[in-house]
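Below, chain A is the first sequence line, B the second, and so on; all start at residue 1. Small disclaimer: the values here were computed from a predicted structure and weren't measured.
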2 protein chains.
Amino acid sequence: MNVPVLAPLTPAARRVLDAASELFYERGIHAVGVDTIAEAAGVTKKTLYDRFGSKEALVVAYLQHRDAQWRDLLDKYLTRVPEPGPDRVLAVFDAAISWSDENGAKGCSAINARAEIGDGHDGHPVFPEIARQKVWLLDLFTEILRDANDVDPATMAKRMMLLYEGAIVTVGMETYPHPFDVARDMARSLLTAPAR
Amino acid sequence: MNVPVLAPLTPAARRVLDAASELFYERGIHAVGVDTIAEAAGVTKKTLYDRFGSKEALVVAYLQHRDAQWRDLLDKYLTRVPEPGPDRVLAVFDAAISWSDENGAKGCSAINARAEIGDGHDGHPVFPEIARQKVWLLDLFTEILRDANDVDPATMAKRMMLLYEGAIVTVGMETYPHPFDVARDMARSLLTAPAR
DNA sequence: CCTTGACTATACAGGTCTGTATACTTGACT
DNA sequence: AGTCAAGTATACAGACCTGTATAGTCAAGG
């Protein structure tokens, strides 16, 4: 479904990517230098550049890596609810609750990355990646809803997307606790409500 | 209602704050240096530091400035709908539509700033400011809903907050067009639906 | 045996970052 | 007349940034 498969990594490259993922997510992309990443990974800067080519490319790999982990978790939750229906939509929110509990204290890495790149996102390789991730999820919602015989899957998917994005941001902003529970509740109401 | 009033600014300080607001918002905070800001404002770096003390303080001023502008616009929309009721909640979304059309192409400055500060937000003066902004809006929703005799203003305010945050992020991510229209629609349904 | 890929270690180039120091100008108010 | 706030102009310190260069180690595979 149009997701990039990252090339197999050498052991040192793995450590670089893991270190970069943690540091970029927790401190922000611009705030973390390549020396810091190399040191945290127990690797020389030369190795980092030999494997990834540039910091920008490493940032893209970081975003792909985190998204791949999220999709893996999501798959687990979706295969547990195989029959088409509203419960499959709710499974996305259940996965998001689990994900944000363990890996999401600062919100969505794609949204956070967006904040750090200019709005002239021409030629910047980060924007296509994060745009792709968001469209992928919107499309997933649409498919699940179509399979569930929703009367207007495209519109309902936009609504689900809004709830999802609102919740993940609220996690990062700490506006109030457990926003995904609220989002899940709203989704359930929308999906089980009689047609108005 | 616990909002900071920024001290009167000298002409040069005004230009610095205006330039900083545009540059920080469009390119990100870490991506913009003080030299760039000073040059854009037609001011020497010394003046910038004489007026604001540090880049960090200028960032806080930027966030307060943008929030003050948003609250001004919001006030205009709210005074247009003086009678308590659901329409006052919808007025917030109407204001947000207008705001994001003109000043919000990259989403919410507070959310974007959050992405650039570490999660160890102890002592960092930016986090309290953006947390205050979000709580302020949550409280505003709560008050409007209480005045509208909502049966559970606190819960409904959390829902409105989710729709608002989801929409503003979706604007910045360009996942799909006009998300605030979707959010406003969902809010209207929630507020006018018969009790379930 | 010997080449090749993966890696370490170290140094450095060239740029940008925040913040400060020094010296001067200008206009307003007392 | 004199003081003071606000500003310009310029230089610089010291740190940090991305990226490259040079030299060497080590293990696996043909």
Side-chain angles (χ1 to χ4, degrees), chain A residues 6-63 112-113 115-118 120 123-126, chain B residues 6-63 112-113 115-118 120 123-127 129:
Chain A
L6 35 155
L9 298 172
T10 63
R14 261 245 84 81
R15 291 197 320 265
V16 169
L17 188 51
D18 287 342
S21 293
E22 188 169 324
L23 289 166
F24 282 153
Y25 183 69
E26 311 238 308
R27 302 190 200 169
I29 291 167
H30 270 120
V32 177
V34 288
D35 298 86
T36 307
I37 295 167
E39 195 187 351
V43 151
T44 60
K45 214 165 30 157
K46 177 159 193 310
T47 301
L48 186 154
Y49 274 96
D50 282 350
R51 295 298 132 241
F52 294 94
S54 70
K55 182 183 179 181
E56 213 168 53
L58 177 58
V59 170
V60 173
Y62 145 65
L63 292 167
N112 292 349
E116 298 206 52
I117 63 175
H124 202 299
V126 159
Chain B
L6 36 155
L9 299 171
T10 63
R14 260 245 83 81
R15 281 180 349 249
V16 168
L17 187 52
D18 287 343
S21 293
E22 188 168 325
L23 290 166
F24 282 152
Y25 184 69
E26 311 236 308
R27 302 189 199 169
I29 291 167
H30 269 121
V32 177
V34 288
D35 297 88
T36 308
I37 295 167
E39 195 187 349
V43 151
T44 60
K45 214 165 27 156
K46 175 155 193 316
T47 301
L48 188 154
Y49 275 95
D50 282 350
R51 293 300 130 242
F52 294 95
S54 71
K55 183 183 179 181
E56 213 167 54
L58 177 58
V59 170
V60 173
Y62 145 66
L63 292 166
N112 292 350
E116 297 206 54
I117 62 174
H124 202 301
V126 160
F127 190 82
E129 172 58 27

Exercise. Respond yes when some side-chain nitrogen or oxygen of B:Thr10 is under 4.0 Å from OP1 or OP2 of D:dA5, and no when none is.
Key: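 No.
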Exercise. For B:Thr47, enumerate each residue passing the side-chain contact (heavy atoms from CB on, under 4.5 Å) test, keeping only those at least two apart in sequence or located in another chain.
Key: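 By the side-chain contact (heavy atoms from CB on, under 4.5 Å) rule, B:Thr47 matches B:Ala12, B:Val43, B:Thr44, B:Arg51.
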Quiz prompt | Counterpart base for C:dT30, defined by Watson-Crick or G-U wobble contacts under 3.5 Å | solution =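 Result: D:dA1.
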Quiz prompt | From B:Leu58 atom CG to B:Phe24 atom CZ, the distance as rounded to the nearest 0.5 Å | solution =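 B:Leu58 CG to B:Phe24 CZ: 4.5 Å, rounded to 0.5 Å.
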Self-check item: Approximate separation, where rounding is to 0.5 Å, of B:Glu129 CD and B:His124 NE2
Solution: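 Going from CD on B:Glu129 over to NE2 on B:His124, the span is 12.5 Å.
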Pairs under 3.5 angstrom only: tabulate donor-acceptor contacts from the side chains of residues 29-42 of chain B to other protein residues two or more places apart or in another chain.
unit_1: B:His30; atom_1: ND1; unit_2: B:Glu116; atom_2: OE1; d: 3.2
unit_1: B:Asp35; atom_1: OD2; unit_2: B:Lys45; atom_2: NZ; d: 3.4

Exercise. Specify the separation, in whole Å, of atom CG of B:Leu9 and atom P of D:dG7.
Key: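 Spelled out: CG on B:Leu9 to P on D:dG7 is 10 Å.
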Quiz item: Quick one: A:Arg51 CZ to D:dG19 P, roughly how many Å, whole number?
Solution: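 Rounding to the nearest Å, CZ of A:Arg51 and P of D:dG19 are 16 Å apart.
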Quiz item: For every nucleotide of nucleotides 8-30 of chain C, 5' to 3': is a protein heavy atom under 4.0 Å from its base (B), only from its sugar-phosphate (S), or from neither (-)?
Solution: BB--------BBB-B--------
Self-check item: Under the ring-ring contact (aromatic ring centres under 6.0 Å, His included) test, residues paired with B:Tyr25 that sit two or more places apart
Solution: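 By the ring-ring contact (aromatic ring centres under 6.0 Å, His included) rule, B:Tyr25 matches no residue at all.
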Self-check item: Which residues share a side chain to side chain donor-acceptor pair (under 3.5 Å) with A:Asp50, sequence neighbours left out
Solution: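 Per chain and number, A:Asp50 pairs via side chain to side chain donor-acceptor pair (under 3.5 Å) with A:Lys46.
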